[in-house]
Peer 1: 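The structure under discussion is supplied below as structure tokens; questions concerning it will follow.
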Amino acid sequence: MKQIATARRQGFWDLRAAANFIGGGTGTGLIVASAMAAAAGMEVRLALATGLCCVMLGLSMVWLEIGKPWRALNVFFHPQTSWMTREGILAAPLAAAAAGYVLLGHPALLVPIVVLALGFLYCQARILKASRGIPAWKQPEIVAFIIATGLAEGSGAALVIGEPSTMMAAIALVAGLGRELAWARYGRGLRRDQAPQGTMDCLASPPAWGARVAQLAALALLALAVAGYAPAGVAGGALAMLSGWGIKALLVTRAAFTRGPRITHTPVRGRGLSRPVEA
């Protein structure tokens, strides 16, 4: 089937929307990684507070993007239908639990912190999945990719902000490998479902390849850190974080094309004379 050349890039979500997915993904990933490190007895209050700030900064970008910011409270009125509403609802208890741990350091707070952070990250992934008019977003595999990317970004950020331990480098390496698998599945899904050519061109562009090279370099550096060369962990973590930001920015702002109408048969005057369009 051929696509009429009317597929267009969406213009409603810009870098401010991308910043929400960047801040939310990195922030929740950092919170989860920090909670795991705290369970191992490491000091993580600074990293945990930074992760919470990233989440709130991302949400503030959404507020700035709204055409009428004073109506922002309306986002809380439709939890039965809106993943954005569910994301906003989870933000308050996540902030309370994380702030409580930063102030009190009570280990009992770690479990709800992890559950709420993962729930927030899942809601972000489903926000994109629910955007049915954009094939690059509604692709089923994007849910796993956004979650894996957030965990890879956050564990990388934990190496930059916190103690670059071998354990944290191993967590970041596993998260990075998970992101690679999710990215491969996402790409296969786009090709299988014949995503718009503009989407495929964007994901094969030099900026996209630059982000991919950074991801692979991050994996190599993290492997070195796990093998015992600790300084490589900080550089690997930084690359894991920055490459995820780049891919998300491209997905939200540059690869988001509508599909455009399709013609499956060529109309021909006369009864029963239409014929299929060649692929």
Side-chain angles (χ1 to χ4, degrees), residues 17-63 72-130 142-159 161-162 167-168 171-172 174-175 178-179 182 240-241 244-245 248:
N20 178 42
F21 292 99
I22 290 171
T26 301
T28 52
L30 179 54
I31 288 171
V32 170
S34 299
M36 295 175 67
M42 298 172 61
E43 173 55 46
V44 298
R45 296 190 185 193
L46 175 60
L48 196 61
T50 303
L52 180 59
C53 289
C54 288
V55 171
M56 296 303 153
L57 181 60
L59 289 175
S60 69
M61 292 295 103
V62 175
W63 181 75
L73 289 177
N74 290 337
V75 76
F76 295 102
F77 295 159
H78 305 286
Q80 71 279 13
T81 59
S82 172
W83 285 102
M84 188 172 291
T85 298
R86 296 163 189 165
E87 173 197 52
I89 290 174
L90 286 176
L94 173 61
Y101 185 86
V102 171
L103 294 174
L104 304 175
H106 200 292
L109 291 170
L110 293 176
V111 173
I113 285 172
V114 170
V115 171
L116 290 167
L118 291 175
F120 186 97
L121 184 56
Y122 179 73
C123 288
Q124 281 209 329
R126 291 302 299 266
I127 289 172
L128 288 175
K129 174 67 171 58
I142 200 170
V143 175
F145 175 66
I146 292 298
I147 293 173
T149 301
L151 296 176
E153 293 170 4
S155 55
L159 284 167
I161 297 171
M167 184 196 78
M168 188 54 65
I171 292 173
V174 171
R179 176 169 63 178
M241 179 176 60
W245 295 0
K248 284 181 179 176

Peer 1: If I compare all heavy atoms of Thr26 with all of Lys248, which pair ends up nearest, and what's the gap?
Peer 2: N-NZ, 4.5 Å
Peer 1: Is the number of heavy atoms from other residues, nucleotides or ligands under 6.0 Å of Met56 CE greater than 12?
Peer 2: yes
Peer 1: Ile31 and Leu52: which non-hydrogen atoms are nearest, and at how many Å?
Peer 2: CD1-N, 3.9 Å
Peer 1: Say whether, by atom type as modelled, one donor and one acceptor occur between the side chain of Gln124 and the main chain of Asn20 under 3.5 angstrom.
Peer 2: yes
Peer 1: Quick one: are Leu59 and Glu87 in side-chain contact, heavy atoms under 4.5 Å?
Peer 2: yes
Peer 1: So, do Leu121 and Leu151 sit near enough that their side-chain heavy atoms are less than 4.5 Å apart?
Peer 2: yes
Peer 1: Hey, does Leu94 have a side-chain heavy atom less than 4.5 Å from the side chain of Leu90?
Peer 2: no
Peer 1: Using a 4.5 Å cut-off on heavy atoms from C-beta on, say whether the side chain of Arg126 contacts that of Arg86.
Peer 2: no
Peer 1: So, taking the atom named CD in Glu43 and the one named CG in Leu48, what distance separates them when rounded to the nearest 0.5 Å?
Peer 2: 10.0 Å
Peer 1: Less than 4.5 Å apart, any side-chain heavy atom of Phe21 and any of Leu128?
Peer 2: yes
Peer 1: CZ of Arg45 to OG of Ser34: how many Å apart, nearest 0.5 Å?
Peer 2: 12.5 Å
Peer 1: So which atom in Ala182 and which in Ala148 form the shortest heavy-atom distance, rounded to 0.1 Å?
Peer 2: CB-CB, 4.1 Å
Peer 1: To check you understand the geometry: which heavy-atom pair defines the closest contact between Ala35 and Val114, and what is its length?
Peer 2: CB-CG2, 3.4 Å
Peer 1: Specify the closest pair of heavy atoms between Cys54 and Gly27, including all atoms of both residues, with the distance to one decimal.
Peer 2: CB-CA, 3.7 Å
Peer 1: About how many Å separate CD1 of Ile142 and NZ of Lys129, when rounded to the nearest 0.5 Å?
Peer 2: 10.0 Å
Peer 1: Are any non-hydrogen side-chain atoms of Val143 and Tyr122 less than 4.5 angstrom apart?
Peer 2: yes
Peer 1: Calculate, to the nearest 0.5 Å, the distance between atoms NE2 and OH belonging to His106 and Tyr101 respectively.
Peer 2: 10.5 Å
Peer 1: To the nearest 0.5 Å, how far apart are SG in Cys123 and CG in Leu118?
Peer 2: 11.0 Å
Peer 1: Check Glu153 against Gly25 and note the closest heavy-atom contact, atom names and distance.
Peer 2: OE1-C, 3.8 Å
Peer 1: Determine whether a donor-acceptor pair (N or O, by modelled atom type, separation under 3.5 Å) exists between the side chain of Thr149 and the backbone of Ile146.
Peer 2: no
